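To keep things clear, I will list the structure first and then write my remarks on it.
Scope of the values below: all heavy atoms of this structure, side chains included, with no hydrogens, waters or symmetry mates. Chain letters run A, B, ... following the sequence lines, proteins first, then strands; residues in each count from 1. As the structure is a computational prediction, the values presented were derived from the model and not from experiment.
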Amino acid sequence: MSNRTLTFSVFRYNPATPEIKPCMQSYQLKEAGGMTMFVALTKIREEQDPSLMFDFVCRASICGSCAMLINGKPRLACKTLTRDYGTKITLMPLPVFKLIGDLSVDTGTWFRRLSVKTRAWVHTKKEFDPTVLEERMDNATALEIYEPERCIECGCCIAGCATANIREDFLGAAGLNRVARFMVDPRDERSEQEYFEIVGSDEGVFGCYGLMACEDNCPTKLPLQYQLAFVRRKMAVAGLKR
Amino acid sequence: MSNYQTHITDVLIIGAGLAGERAAIEASSHGLDSIILSLVPPRRSHSTAAQGGMQASLANCAMGKGDSTDIHFADTVKGSDWGCEQDVARLFCETVPIAVRQMAYWGVPWSRVVAGKKTLPNGQEIEDTKDKEGLITGRNFGGTAKWRTCYTADGTGHTMQYTIDSIVISLGITVHDRMEAISLIHDGEKCLGAVARCLRTGKLNVYIAKATVIATGGYGRLYDASTNAIICEGTGMALALDTGQVPLGNMEAVQFHPTGMVPVWILITEGARGDGGYLLDKNQHRFMPDYEPVKKDLASRDVVSRRMIEHFRKGFGVDSPYGPHMWLDIRHLGAKHIDTNLREIANICRNFAGIDPIKDLIPVRPTQHYSMGGVRINSEGFAYGLKGLFAVGEASCWDLHGFNRLGGNSLAETVVMGMIVGKKIAEYALGATLEYTSDVVEDAAKQQQERIDGLISGRHGREDVFQVRREMEETLMDYVGIFRTGPALQTAVDKLQVLHERAQHLGLRSSGVGANPEVTAALRLPGMIRLALCISYGALQRTESRGSHAREDFPKRDDANWLKRTLAYWPEGAVLPELKYEPVTITELPPGDRGYGESSASSKK
């Protein structure tokens, strides 16, 4: 068991009190065995500062709510163990996303706009017929769809992306990965040219500089480099055909 | 002058998990306007965390051969220990194959049948036939006669939620996320909508609707150790209870999942045992077959949880600083299977416990998991007691699960209910007119503003919200757990009554300005303690054992006196719930032997 005392330096700003300027506030906490940032922040809120804003939901790295900058790197706070850090830990909200307060940012609105923009649903002209069996699908295809589908929209890839930090309209790895998910789905009847309309620009796949911080920072370990290359290659071909 | 924003819609849905969003799709497809309120962005809902799958009797895989809606029905009724509504169970089982296929049509990448001969971990040879190849497959789950749990690896809730949400987005349905309903607006007869607090700004909003739907999920976080997401605090159930008109059904029926991982209490899916994993004791002995020779590790959840505690009591638990636990062993399933079909839990083990389930044992203990009880509705989804109010999913008591829910029946219930009840909601809203007096609405909003002001000013007292809350969690954990006794339950009721009184005197330590989390917690707490009292008091009064409700002082199921459902009401100003009872609907299967569990002829007593 650890007997360390940790010092958390936490970004503070509450938009409801704009007269109080943004600042860093320090909290000290005794480390416990197996302590995660979820446990630490919850303890700080309950025992030291009940006004501290941050987001956790599943606390099991499934829901994607709790991404923040931990010592400068975008990480899911719930699965980040304090023992992997020194005694000084800096916590900042994710960049790119609108700040709600302290460590809480509005990833929900950002990702919703992304879904609307990329029209991220299965496009089909078929009607659902409740009286017939499901259409068959090769299990390998199902697994191929599940691979990009696993994205939890936490925003780590966006926060770590140079392009997304510079330009507001860039879809980022999460957006392009989402498009890749529908491209490999045989149920989606969209043509290459229709996808090109969505991602065949510098807002989409041609805006990526290839720095690959997205893949480095992805807590779900999605093969984002592969997915970006997949979409880019498809769109390059589609672009040549135009 | 009102200091809140008002929104008017046809259908107001509180909760954006699977059940709420599926119901919204139904309302929208009937041409109705709807608004969904959610504590979090929809894709962060707790539905997303469901791992194992959804039961549907498709009979496609080899071990599902011969399955039918009749067998699914019988499994569900036995699982519920004859506590469920059999007309509801029948309707559910008949609809679920359509629901799973509709989810496939919308985009869920269900795992599919791969033809060929296979050897199961227990050595059994099976063959998936060519004629079924490419159809939706199923895995084994507890308490089922056939393999019928449809899945996408162990991220089934995730793929279902993302798919349903993609349809919600495609239909342009309005979602107000980070918006928490904090009271229902009603005139004693009809529900008119809800007052909500914005979790971005702290400001009040008023929603007026023809139909209001509670879809807020369960109350797992009333307990100290729960697999549930931290937002599962039973908020919607408390809203309904606080009307004084609407009862909660069977709140004493609380499910403990056998395999919560020690000590973080994150769920390890039943799919792990379904796929061939098993439990070991401190001597690494596989003990479940000693108790349950037929179903072994895959008896229903209530039975496996009790057998684990029984085995602890005999001294066979593995000691740890967090109390005794058992081991879950999936090593023999092999790296390929674990990294494909059990990939999410393998990651959870690696991230949160630093263990690799391919070569290590997983420490597990029964952990609070599911609320069978909830807002009591009829088979069409109408809440008892108030017109225009509905409930779906875990927040409701439809009552498909009775005293124990089968694994895979909750994900299935969310979309089936969304479909069936969603249609009834739409029909109701199409025939309803929006009639309300501004007085009722003003009063409801004013009352909530006063509650918030009272907390900020501290004029009612200085009780600490987190302290009172912790005592509530510990009380339920210590006295209203898996095995229950009269004296322990009485202790819980006494303690909770004191806590309920203290919760009337909460005062903040912080300023309470804006989207302040202390205000959020303080607004929820009194309702949560009332739910805890409904659970404890209902359990105290029920002098029998049925499903998950196991009374050591009344170890037998008592059909003569207790084949009935508890209805808990909370009249204004009450200090305890008022309990009434109603008969359980038995249409097809008279009470009998479950085929597993302590009172079954085939199990060890």
When [options] are compared by non-hydrogen pairs under 4.5 Å with chain A, the top option:
options                           : value
T137(B), I348(B), T163(B), I98(B) : I98(B)
P517(B), A104(B), G514(B)         : P517(B)
L267(B), T227(B), L58(B), L508(B) : T227(B)
C232(B), S170(B), A515(B)         : S170(B)
P41(B), A229(B), A153(B)          : A229(B)
K132(B), Q51(B), E133(B), Q161(B) : E133(B)

Would you mind checking which part of [X] comes under 4.5 Å of any heavy atom in chain A, side chain (CB onward), backbone (N, CA, C, O), both or neither?
X       : value
T340(B) : side chain
E344(B) : side chain
S226(B) : backbone
V465(B) : neither
D177(B) : side chain
V40(B)  : side chain
V264(B) : backbone
R469(B) : neither
L135(B) : both
T201(B) : neither
N60(B)  : side chain
R350(B) : neither

With no hydrogens and no angle check, is any side-chain donor or acceptor of [X] less than 3.5 Å from a backbone partner on [Y]?
X       : Y       : value
H46(B)  : V57(A)  : no
R44(B)  : E153(A) : yes
R43(B)  : G108(A) : no
Y146(A) : T159(B) : no

Winner by heavy-atom pair count (cut-off under 4.5 Å) against chain B, out of [options]:
options                            : result
W121(A), F56(A), F111(A), F182(A)  : W121(A)
T107(A), T17(A), T42(A)            : T107(A)
I100(A), D138(A), D129(A), I145(A) : I100(A)
T220(A), L143(A), D106(A)          : D106(A)
D55(A), L81(A), D102(A)            : D55(A)
A16(A), S61(A), S104(A), C63(A)    : C63(A)

### Message
Evaluate F352(B) against K79(A) for side-chain contact (heavy atoms from CB on, under 4.5 Å), listing each step before the verdict.
### Response
CA-CA 6 Å; F352(B) 294 91; K79(A) 71 166 197 181; 3.5 Å; yes
### Message
Applying side-chain hydrogen bond (donor to acceptor under 3.5 Å, both in side chains) to R119(A) and S166(B), what does each step give before you reach the verdict?
### Response
CA-CA 9 Å; R119(A) 303 173 62 75; S166(B) 78; over 6 Å; no
### SB check E147(A) R343(B) (cutoff 4.0 Å)
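Result for this pair is yes, salt bridge flagged.
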### Query
Below 4.0 angstrom, N of the basic side chain to O of the carboxylate: do E135(A) and R101(B) qualify?
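No, no charged N to carboxylate O under 4.0 Å.
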### Message
Between W110(B) and E134(A), is there a side-chain heavy-atom distance shorter than 4.5 Å?
### Response
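A side-chain contact under 4.5 Å is absent here.
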### Task
Check whether any side-chain heavy atom of Q467(B) lies under 4.5 Å from a side-chain heavy atom of E46(A), and answer yes or no.
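No. Closest side-chain heavy atoms not under 4.5 Å.
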Relative to chain B, which segment of [X] carries a heavy atom at a distance below 4.5 Å: side chain, backbone, both, or neither?
X       : answer
A60(A)  : both
C151(A) : backbone
V132(A) : backbone
R59(A)  : both
E47(A)  : backbone

### Task
Go through the steps to decide whether R200(B) and T109(A) satisfy the test side-chain contact (heavy atoms from CB on, under 4.5 Å), and finish with yes or no.
CA-CA 12 Å; R200(B) 287 184 171 81; T109(A) 301; 3.3 Å; yes
Where do [X] and [Y] come nearest, in terms of heavy atoms and distance?
X       : Y       : result
G33(A)  : Y322(B) : O-OH, 4.4 Å
S510(B) : S51(A)  : CB-CB, 3.8 Å
A142(A) : P109(B) : O-CB, 3.6 Å

Counting only heavy atoms from other residues, nucleotides and ligands, does the tally under 6.0 Å from [atom1] of [X] exceed 12?
X       : atom1 : value
E19(A)  : CD    : yes
K73(A)  : NZ    : no
K43(A)  : NZ    : no
R136(A) : CZ    : yes

Working to the nearest 0.5 angstrom, can you tell me the gap between [X] [atom1] and [Y] [atom2]?
X       : Y       : atom1 : atom2 : answer
I136(B) : L133(A) : CD1   : CG    : 9.5 Å
S115(A) : D165(B) : OG    : CG    : 7.0 Å
I266(B) : C58(A)  : CD1   : SG    : 7.5 Å
L39(B)  : S65(A)  : CG    : OG    : 11.0 Å

### Task
For side-chain hydrogen bond (donor to acceptor under 3.5 Å, both in side chains), just list the numbers for R112(B) and T141(A), CA-CA rounded to whole Å, side-chain angles, deciding distance to a tenth of an Å, and then say yes or no.
CA-CA 9 Å; R112(B) 305 289 176 141; T141(A) 307; over 6 Å; no
### Query
Please walk me through it: do I169(B) and R112(A) pass side-chain contact (heavy atoms from CB on, under 4.5 Å)?
CA-CA 8 Å; I169(B) 292 171; R112(A) 208 135 193 98; 3.4 Å; yes
### Task
Carefully, step by step, assess R150(A) and Y162(B) under the rule side-chain contact (heavy atoms from CB on, under 4.5 Å).
CA-CA 10 Å; R150(A) 294 189 305 119; Y162(B) 273 56; over 6 Å; no
